[in-house]
2 protein chains.
Amino acid sequence: MARKTGSHSEITGPRIRAAAQHLFARHGYAAVSMRQIAAEVGVQAGALYLYTPDKQSLLADLMRDHLEGLLEAFADLPPASGPEARLDQFARFHIGYHIDRPDAVFIAYMELRNLEPDNFSAIEALRRRYENALEAILRDGRAAGVFAVPDTKLATLALIAMLTGVTNWYREGGRLGRAEVEAIYADMARNAVGSPARVQHTA
Amino acid sequence: MARKTGSHSEITGPRIRAAAQHLFARHGYAAVSMRQIAAEVGVQAGALYLYTPDKQSLLADLMRDHLEGLLEAFADLPPASGPEARLDQFARFHIGYHIDRPDAVFIAYMELRNLEPDNFSAIEALRRRYENALEAILRDGRAAGVFAVPDTKLATLALIAMLTGVTNWYREGGRLGRAEVEAIYADMARNAVGSPARVQHTA
DNA sequence: GTCTATACAGGGATAGAC
DNA sequence: GTCTATCCCTGTATAGAC
């Protein structure tokens, strides 16, 4: 099309969100200006406000979309039976999902302090739902005697921190392949909560 | 208001750094203004420039001081013999040191993006020295046959991510005490790298 | 639907009075 | 050593032309 003034609302909206995600992840929400986002998309700053009420909504929407997608994808996993299989599945899923979305993950974990109170509460609720899914696995495993965790909440947070840390260094095409990384992390996660293959001692 | 006529350079400098640390940790470097820092200290914005060349140096100094203090404290630990004892010591030290300095830790891990290239390189070098200390323990343990880690670099990063995650939720006076948290994390760390069953837990 | 132009607040940093 | 005053830039957001 020769004309630049046609309707692009269906393409411009997603492009704005993509640019915002990329820039927020790279420089941080507070350090990124609406002008930068607009420049990346190829529109003027004022035009952004046709697609978002303000900068804060742009951030909150990115985080909510990410967490809702995460929960949905997790819910869609095939059922696994037994705490060990479920933990293995969780670890591999978590690694794989996060490796594929480094920008969204980075934002979701780093920009919480830049959310206004209402948005913060909503995002925290989603995050907690995900954590609860892992904690349920650990509780079941402890009840079944296959996991030795003194505190399931603490173990949940420790495992998620460990697994999420992969996004700090993993690069596509790097020394280790995706499947290798998933396997190694899944093993470490299972060992961390007391692999049944060895006798566990808890004071 | 009566004018303050005395010299305060020896007290104002540290107070500026303390205020900056507190505000950077809470709101993020990019979101904090020099005027806010000055207000917290009780001076005018212009006065800050008697103590720091610019805002960037304030950030870089905080991060460098933190990491240098971390390395120094780690070097001062009493010698431990054997990879398992050394890993246990590392885990407890890491948790304890980080729990005591939530603001400094938060900044050191979250504000890397806001460092200018030269400062970033310097900070990264310090961080790598610390990671290398842990990796040496894991390598020795693998060579000795007490740790089962397919990749020591990956395991190093996974353990540090797990241990550092404690700062995301630990609060003084919370449900779990400091010693309990250290013990639980040290156990998880040791298990994660495949410590054999013979390890004794000293309560 | 997108543009230019702009309002208005606030940013970092400096100069010079006291 | 700290202040006031200020420079100049950049921030978010809006108004109105096309």
Side-chain angles (χ1 to χ4, degrees), chain A residues 1-24 26-62 107 111 113-119, chain B residues 1-24 26-62 107 111 113-119:
Chain A
M1 291 204 190
R3 263 167 70 89
K4 291 194 75 169
T5 53
S7 167
H8 296 96
S9 66
E10 282 163 22
I11 185 72
T12 304
R15 285 187 65 208
I16 288 172
R17 296 212 309 271
Q21 183 173 72
H22 180 237
L23 289 168
F24 288 169
R26 176 154 306 198
H27 306 290
Y29 172 77
V32 172
S33 70
M34 294 298 265
R35 288 197 238 267
Q36 279 176 274
I37 298 170
E40 182 118 334
V41 175
V43 299
Q44 296 297 318
L48 298 183
Y49 292 87
L50 298 169
Y51 303 93
T52 181
D54 52 27
K55 191 186 176 191
Q56 169 74 199
S57 299
L58 218 41
L59 175 64
D61 286 351
L62 286 173
I107 293 169
E111 301 295 355
R113 42 179 192 188
N114 288 308
L115 287 175
E116 288 162 9
D118 285 359
N119 289 330
Chain B
M1 196 179 299
R3 198 156 98 76
K4 297 181 184 177
T5 54
S7 166
H8 296 95
S9 67
E10 282 164 23
I11 185 72
T12 304
R15 288 187 63 208
I16 288 171
R17 296 212 308 274
Q21 183 174 69
H22 180 236
L23 289 169
F24 289 169
R26 176 154 308 199
H27 306 291
Y29 172 77
V32 171
S33 70
M34 295 298 266
R35 287 177 170 90
Q36 279 177 272
I37 297 170
E40 182 119 333
V41 174
V43 300
Q44 296 296 319
L48 297 183
Y49 293 87
L50 297 170
Y51 304 94
T52 182
D54 51 27
K55 191 185 176 191
Q56 169 74 196
S57 300
L58 219 39
L59 175 64
D61 287 350
L62 286 173
I107 292 169
E111 302 294 356
R113 307 178 281 202
N114 289 308
L115 287 175
E116 287 161 10
D118 285 359
N119 290 329

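Every chain is numbered from 1, with letters handed out A, B, ... down the list of sequences.
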_As a quick check of understanding, evaluate side-chain contact (heavy atoms from CB on, under 4.5 Å) for A:Lys55 and A:Phe24, giving each step before the final call._
CA-CA 11 Å; A:Lys55 191 186 176 191; A:Phe24 288 169; 4.3 Å; yes
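Of the side-chain N and O atoms in A:Gln44, one or more sit less than 4.0 angstrom from OP1 or OP2 of C:dT4. Contact annotation: A:Thr12 side-chain N/O to C:dG1 OP1/OP2 distance is not under 4.0 Å.
Not counting sequence neighbours, the partners of B:Asp61 by the salt bridge (Lys or Arg N to Asp or Glu O under 4.0 Å) test are B:Arg64. With sequence neighbours excluded, the residues forming a salt bridge (Lys or Arg N to Asp or Glu O under 4.0 Å) with B:Arg113 are A:Glu111, listed by chain and number. For B:Ala18, there are no side-chain contact (heavy atoms from CB on, under 4.5 Å) partners at least two apart in sequence or on another chain.
A:Leu48 places its CG atom 15 Å from the C1' atom of C:dT4, with the value rounded to the nearest Å. As rounded to whole Å, 12 Å separates atom P of C:dG1 from atom CD1 of A:Ile16. When the P atom of C:dA13 is taken as reference, atom OH of B:Tyr51 falls 17 Å away, rounded to whole Å. For A:His27 and D:dT10, the NE2 to C1' distance is 16 Å, given to the nearest whole Å. Here the P atom of nucleotide D:dA13 and the CD1 atom of A:Ile37 are 10 Å apart, to the nearest Å.
The structure places CG of B:Leu59 at 13.0 Å from CZ of B:Arg17, a figure rounded to the nearest 0.5 Å.
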Pairs: protein N or O with nucleotides 9-12 of chain C N or O, under 3.5 Å:
residue: C:dG11; atom: OP1; partner: B:Ser33; partner atom: OG; Å: 3.1
residue: C:dG11; atom: N7; partner: B:Arg35; partner atom: NH1; Å: 3.2
residue: C:dG12; atom: OP1; partner: B:Val32; partner atom: O; Å: 3.3
residue: C:dG12; atom: OP1; partner: B:Met34; partner atom: N; Å: 3.2
residue: C:dG12; atom: OP1; partner: B:Lys55; partner atom: NZ; Å: 3.2
residue: C:dG12; atom: OP2; partner: B:Met34; partner atom: N; Å: 2.6
residue: C:dG12; atom: N7; partner: B:Arg35; partner atom: NH1; Å: 3.1
residue: C:dG12; atom: O6; partner: B:Arg35; partner atom: NH2; Å: 3.1

Using the 3.5 Å cut-off, write out each protein N or O paired with an N or O of nucleotides 16-18 of chain D and the distance between them.
none

Could you tabulate the donor-acceptor pairs under 3.5 Å formed by side-chain atoms of residues 34-41 of chain A, not counting sequence neighbours?
residue: A:Gln36; atom: OE1; partner: A:Ser33; partner atom: N; Å: 3.0
residue: A:Glu40; atom: OE2; partner: A:His22; partner atom: ND1; Å: 3.2

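Nearest heavy atom pair, residue B:Ile16 against residue B:Leu58, reads CG2-CD1, 4.1 Å.
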